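Worksheet: the structure to be examined is printed underneath.
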Number of protein chains: 2
Amino acid sequence: MALILDKIDTQILAILQKDSSRTTKSIANELGMTTSPIFERIKKLEKEGYIKKYVALLNHKKIGLKQVVFMGITLQGHTRSYLEKFVSQINSFPEVIECHRVSGNFDYLLKLVVEDIEAYEHFIITKLTLLPYLGNVQSLITLSTGKETNEIDLSRV
Amino acid sequence: MALILDKIDTQILAILQKDSSRTTKSIANELGMTTSPIFERIKKLEKEGYIKKYVALLNHKKIGLKQVVFMGITLQGHTRSYLEKFVSQINSFPEVIECHRVSGNFDYLLKLVVEDIEAYEHFIITKLTLLPYLGNVQSLITLSTGKETNEIDLSRV
DNA sequence: AATGAAAATTTAGAACT
DNA sequence: AGTTCTAAATTTTCATT
């Protein structure tokens with residue numbers, strides 16, 4: 001198992017993280033190689049976990065989920081068992097697409113996708129406020145998004 | 001062009017946002033249909049923009065980019081031309097994977113992926129602080145991530 | 001809109017350099 | 001590690017219902 005990625009590996013990763021529907025043939029053409037080694041390298045990158053998964057990214061606005069919200073949350077209690085319970089309950093909410101434990105002015109930073117502000121208020125009332133030990137909650141309502149990608153910069157790898 | 005998605009469309013979207021490497025045949029089997037209508041529906045969902053793109057999600061930690069950081073940024077000037085310039089410069093940094101204009105205690109919320117804390121400090125010194133009109137900057141260093149997905153909840157669509 | 005089948009293309013792997 | 005060649009599988013198109 002190669003632990004280091006060579007130039008060709010990073011080129012393949014750069015291509016696939018932009019567009020995973022590319023065929024091995026088209027990647028091979030772009031890199032001036034034949035399909036077999038490209039195919040083998042991709043399988044290796046998948047097997048070794050450099051590629052986590054292939055997904056379709058949906059247009060959430062078109063599906064009616066127009067509002068992205070970030071929440072900074074502080075907890076009043078910090079016992080380990082409570083932290084774990086909090087995270088597991090937060091993770092169970094389909095509105096929450098990200099939950100990060102952070103250091104700084106909050107304990108947790110969440111990212112949510114909801115229909116609109118009204119749906120966000122409904123989430124707070126019916127789900128969030130039911131969680132015990134909840135301290136300060138700060139909402140950051142997204143007005144517009146200039147950049148939103150999953151593409152990792154591979155230029156320095 | 002169908003503006004509303006029926007049950008089968010949402011089932012296809014739910015499958016593809018979990019795993020876009022699924023074949024039309026396997027999706028057809030799961031939904032009790034043949035490949036042709038599944039194929040046509042996927043093409044329609046792509047064409048109408050419900051599916052934005054297909055991407056490979058990489059394991060950024062394995063590639064050496066271990067640190068996720070969020071930044072809350074306040075600007076000192078708010079003229080339109082400056083806001084646009086700020087966003088375009090922020091977007092040009094490969095470390096920044098998300099840039100949202102928000103309402104709340106910050107003007108912008110950024111998400112970055114960097115090698116480590118040292119690389120983050122280097123980013124602040126060599127790139128961020130060069131931007132004019134920069135006001136308050138708050139760093140939220142990710143300690144651990146409980147949930148991080150792009151999957152949109154389609155149950156209510 | 002779906003079925004079933006045919007054509008075109010890609011994937012996956014064997015043999016070889 | 002790469003190339004070429006080939007079989008299997010999948011994608012894509014289309015006539016039909």
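Within every chain, numbering begins at 1; the chains are lettered A, B, ... in the order of the sequence lines, protein sequences first and strands thereafter. Keep in mind that this is a model prediction, so the values were computed, not measured.
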Query raised in the report: Among residues 11-22 of chain A, which residues get a heavy atom nearer than 4.0 Å to DNA chain D?
Result: none

Report task. For the side chain of B:R41, starting at C-beta, report the closest nucleotide among C:dA12, D:dT10, C:dA2. Result -> C:dA2

Query raised in the report: What are the two closest non-hydrogen atoms of B:C99 and B:N91, and how far apart are they?
Result: CB-OD1, 3.6 Å

List the atom pairs, donor and acceptor, that lie under 3.5 Å between side-chain atoms in residues 32-40 of chain B and the rest of the protein, sequence neighbours left out.
none

Query - Proximal nucleotide (of C:dG13, D:dT10, D:dT3) relative to the A:F39 side chain - result: C:dG13

Report task. Could you check which of C:dA2, D:dT3, C:dT10 has an atom nearest any side-chain atom of B:I8? Result -> C:dA2

Report task. Would you name the heavy atoms of A:K127 and A:P94 that are closest together and state the gap between them? Result -> NZ-CD, 4.1 Å

Query raised in the report: Expressed in angstrom and rounded to an integer, what is the separation of A:I42 atom CD1 from D:dA1 atom P?
Result: 16 Å

Requested in this report: Taking B:T149 for its side chain and A:I97 for its backbone only, find out whether a donor-acceptor pair lies under 3.5 Å.
Outcome: no

Report summary line: Among the nucleotides D:dT4, C:dG13, D:dT12, whichever has the atom closest to the side chain of A:T34 is D:dT4

Report task. Find the distance B:L31:CG to C:dA1:P and express it as a whole number of Å. Result -> 16 Å

Report task. Look at the side-chain N and O atoms of B:T24 and state whether any lies under 4.0 Å from the OP1 or OP2 oxygen of D:dT11. Result -> yes

Query raised in the report: Going by modelled atom types, is there a donor-acceptor pair between the base of D:dT4 and the side chain of A:S36 at under 3.5 Å?
Result: yes

Query raised in the report: To the nearest Å, how far apart are A:E46 CD and C:dT11 C1'?
Result: 12 Å

Report task. May I ask you to say whether A:R41 pairs ionically with A:D9, meaning some side-chain N is under 4.0 Å from a carboxylate O? Result -> yes

Report task. Verify the ring-centre separation between A:Y133 and A:F86: is it less than 6.0 angstrom? Result -> no

Query raised in the report: Within this structure, what is the CD1-to-P distance between A:I27 and C:dT9, rounded to whole angstrom?
Result: 18 Å

Query raised in the report: Do B:H122 and B:E115 have side-chain heavy atoms sitting under 4.5 Å apart?
Result: no

Report summary line: Taken to the nearest whole Å, NZ/B:K43 to P/C:dA1 is 19 Å

Requested in this report: Take atom NZ of A:K25 and atom P of D:dT4, then tell me their distance rounded to the nearest Å.
Outcome: 13 Å

Query raised in the report: NA contact type, B:E40, heavy-atom cut-off 4.0 Å: base, sugar-phosphate, or nothing?
Result: base

Query - Rounded distance (Å) that lies between atom C1' of D:dA1 and atom CG of A:D9 - result: 12 Å

Query raised in the report: When the distance from CG of A:N29 to C1' of C:dT9 is rounded to whole Å, what number comes out?
Result: 13 Å

